[in-house]
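First comes the structure, then the notes that go with it.
First listed ligand is number 1; within each ligand, the first listed atom is number 1. Sequence positions, counted from 1, serve as the residue numbers for this chain.
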Amino acid sequence: MFEMARDYVMENTNFEILGGYFSPVSDFYQKQGLAEARHRVRMCELAVQKSSTWLMVDSWESLQSSYQRTAIVLDHFQNELNGSDGEGGIRLSNGEYKPIKIMLLAGGDLVQSFAAPDVWATADLHHIIGKYGCLILERTGSDVYEFLLSHDVLYKHRHNVFVIKQLIYNDISSTKIRLFIRRGMSIKYLLPAAVIDYIYEQRLYQND
Ligand SMILES: Nc1ncnc2c1ncn2[C@@H]1O[C@H](COP(=O)(O)OP(=O)(O)OP(=O)(O)O)[C@@H](O)[C@H]1O
Ligand SMILES: NC(=O)c1ccc[n+]([C@@H]2O[C@H](COP(=O)(O)O)[C@@H](O)[C@H]2O)c1
């Protein structure tokens with residue numbers, strides 16, 4: 001999804017991409033089927049460390065002692081990358097600093113959960129979409145364009161929302177990958193080889 005987002009941004013906006021971060025959620029999220037955070041961080045590292053020049057993994061979220069909402073995670077990136085004293089971001093040749101635009105990259109299904117009761121606080125959605133911005137990758141089963149029109153907060157900040165059309169549909173799902181592993185089915189070519197090796201070495205997802 002990051003690669004599709006990068007192509008979209010380069011083709012359709014004036015932004016320059018500086019980097020993309022995976023931020024695995026902590027163990028306190030307690031979503032059924034998730035491996036321990038340390039394993040998820042390591043799998044993300046293995047997925048990008050040798051094959052990407054711009055993707056990185058940030059373990060801050062995974063290491064917190066309580067669940068951190070997405071709005072707070074974006075604030076963390078804001079503080080780390082842009083600082084609080086005006087001396088962060090990109091240093092220009094004239095010595096001034098230009099802030100980095102931080103955005104959330106999400107699939108259409110996650111964005112549709114914005115309308116689910118008690119999942120997202122409205123104030124958080126204004127913060128995430130209004131202050132930062134959102135790149136939404138289309139996903140089979142979710143009509144992002146219609147949702148964008150119908151959701152008040154998304155619509156209000158629509159100039160900060162970018163919908164990315166999938167030009168080759170990739171409907172891979174982590175739930176299905178975990179299920180394949182449990183059923184002893186092959187996941188070869190569905191994930192980077194180093195991640196597959198790690199999953200088997202650590203015996204992840206086999207008895208969920
Ligand atoms: N094939 C895909 N196309 C578009 N977005 C995706 C795809 N797979 C994952 N995403 C997005 O990546 C983010 C992280 O997804 P997550 O780790 O929950 O995996 P998932 O495949 O969505 O899980 P599940 O199998 O439960 O749907 C979410 O924003 C999700 O919408
Ligand atoms: N209120 C919130 O900030 C909120 C709600 C639901 C999911 N999320 C985030 O979305 C991501 C994906 O969550 P799910 O796998 O449950 O769809 C996670 O990083 C999670 O922290 C945030």
Side-chain angles (χ1 to χ4, degrees), residues 1-8 20-37 39-44 47-48 55 57-78 102-145 147-148 151 153-154 161-183 185 187 189-192 195 199 204-205 208:
M1 66 190 290
F2 274 102
E3 292 293 326
M4 287 188 224
R6 184 171 186 255
D7 281 347
Y8 172 90
Y21 289 95
F22 286 91
S23 178
V25 74
S26 75
D27 291 331
F28 299 98
Y29 192 48
Q30 294 188 328
K31 181 175 170 173
Q32 212 201 339
L34 288 189
E36 278 176 57
H39 290 312
R40 287 181 284 109
V41 169
R42 188 67 195 129
M43 288 188 279
C44 291
V48 296
L55 292 177
V57 185
D58 184 86
S59 58
W60 178 87
E61 180 181 358
S62 72
L63 294 170
Q64 299 311 297
S65 53
S66 61
Y67 170 65
Q68 302 294 314
R69 303 180 334 271
T70 299
I72 305 294
V73 177
L74 289 169
D75 288 345
H76 155 73
F77 281 100
Q78 168 75 5
I102 291 155
M103 298 185 83
L104 176 69
L105 173 61
D109 59 315
L110 182 82
V111 170
Q112 280 191 322
S113 77
F114 287 179
D118 304 325
V119 181
W120 300 83
T122 305
D124 278 9
L125 292 180
H126 281 292
H127 192 66
I128 293 167
I129 308 159
K131 176 170 178 173
Y132 296 111
C134 197
L135 289 156
I136 308 174
L137 182 63
E138 254 193 327
R139 194 167 189 186
T140 333
S142 55
D143 183 345
V144 180
Y145 296 96
F147 187 71
L148 181 57
H151 192 275
V153 182
L154 274 171
V161 175
F162 302 84
V163 180
I164 306 164
K165 216 176 151 35
Q166 289 209 31
L167 299 176
I168 294 184
Y169 277 95
N170 174 348
D171 195 26
I172 199 158
S173 133
S174 59
T175 302
K176 272 195 207 157
I177 300 259
R178 292 192 287 266
L179 185 63
F180 277 28
I181 297 168
R182 205 164 80 222
R183 300 281 183 241
M185 291 160 68
I187 52 168
Y189 310 122
L190 292 175
L191 298 179
V195 176
I199 288 173
L204 301 181
Y205 311 120
D208 287 351

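- Nearest protein neighbour of atom 11 (C) of ligand 2, counting heavy atoms only, is Leu110 CD1, 4.0 Å.
- The N/O atoms of Leu137, backbone and side chain alike, include none that comes under 3.5 Å of an N/O atom in ligand 1.
- Inspection of the Tyr145 and Glu138 side chains reveals no N or O donor paired with an N or O acceptor under 3.5 Å.
- Heavy-atom proximity to atom 19 (O) of ligand 2, evaluated over Lys31, Glu61, Gln32, is greatest for Glu61.
- Between His76 and Trp60, the ring planes lie parallel to each other; the angle is under 30°, not in the 30° to 60° tilted range.
- Of the protein's non-hydrogen atoms, Asn170 O, 2.8 Å is the one closest to atom 1 (N) of ligand 1.
- For atom 14 (C) of ligand 1, the nearest protein heavy atom is 4.0 Å or more away.
- Residues Asp124 and Ile72 are not in side-chain contact: their nearest non-hydrogen atoms beyond the backbone lie 4.5 Å or more apart.
- Of the possible polar contacts, one joining the Ser173 side chain to the Lys176 backbone as a donor-acceptor pair under 3.5 Å is found.
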Report the C-alpha distance between Ser66 and Gln68 in whole Å, list the side-chain angles of each, state the deciding distance to 0.1 Å, and finish with yes or no for side chain to side chain donor-acceptor pair (under 3.5 Å). CA-CA 6 Å; Ser66 61; Gln68 302 294 314; 3.3 Å; yes
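- Closest to atom 24 (P) of ligand 1, if we only count protein heavy atoms, is Thr175 OG1, 3.1 Å.
- For Arg40 (side chain) and Ala35 (main-chain N/O), a donor-acceptor pair under 3.5 Å exists by modelled atom type.
- Given atom 29 (O) of ligand 1, the protein heavy atom at minimum distance is Gly107 N, 2.9 Å.
- Protein heavy atom closest to atom 17 (O) of ligand 1, with residue, atom name and distance, is Ser174 OG, 4.0 Å.
- Aromatic ring pairs are classed by plane angle as parallel below 30°, tilted from 30° to 60° and perpendicular above 60°; the pair Tyr132 and His127 is perpendicular.
- Summary of contacts: the protein heavy atom closest to atom 18 (O) of ligand 1 is Lys31 NZ, 3.9 Å.
- Below 4.0 Å from some heavy atom of Glu138 lie the following atoms of ligand 1, by number and element: 4 (C).
- Of the possible polar contacts, none joining the Asp58 side chain to the Ser23 backbone as a donor-acceptor pair under 3.5 Å is found.
- In this structure, the ring of Phe2 has its center less than 6.0 angstrom from the ring center of Phe22.
- In this structure, the side chain of Glu61 does not engage the main chain of Ser59 through any donor-acceptor pair within 3.5 Å.
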Ile164 and Ile136: CA distance, side-chain angles, deciding distance, side chain to side chain contact (heavy atoms under 4.5 Å, CB included) verdict: CA-CA 6 Å; Ile164 306 164; Ile136 308 174; over 6 Å; no
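- Near Ala106, the atoms of ligand 1 lying under 4.0 angstrom from a non-hydrogen atom of the residue are 29 (O).
- Atom 1 (N) of ligand 2 has its closest protein heavy atom at Val119 O, 3.0 Å.
- Ranking the protein heavy atoms by distance from atom 3 (O) of ligand 2 puts Thr70 N, 2.9 Å first.
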Verify side chain to side chain contact (heavy atoms under 4.5 Å, CB included) between Tyr21 and Val57, making sure each step is shown before the conclusion. CA-CA 5 Å; Tyr21 289 95; Val57 185; over 6 Å; no
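- In terms of protein heavy atoms, atom 7 (C) of ligand 2 is closest to Tyr29 OH, 3.3 Å.
- Remark: among candidates Arg139, Gln166, Met1, Gln32, the nearest residue to atom 7 (C) of ligand 1 is Arg139, based on non-hydrogen atoms.
- Ranking the protein heavy atoms by distance from atom 20 (C) of ligand 2 puts Tyr67 OH, 3.5 Å first.
- Residue contacts with ligand 2 for Val73 are absent, since no atom lies close enough (heavy atoms, distance under 4.0 Å).
- Given atom 31 (O) of ligand 1, the protein heavy atom at minimum distance is Asp109 OD1, 2.4 Å.
- Annotation for ligand 2: atoms under 4.0 Å from non-hydrogen atoms of Arg69 are 3 (O).
- Residue-to-ligand polar distances keep Ala71 apart from ligand 2: every N/O pair is separated by 3.5 Å or more.
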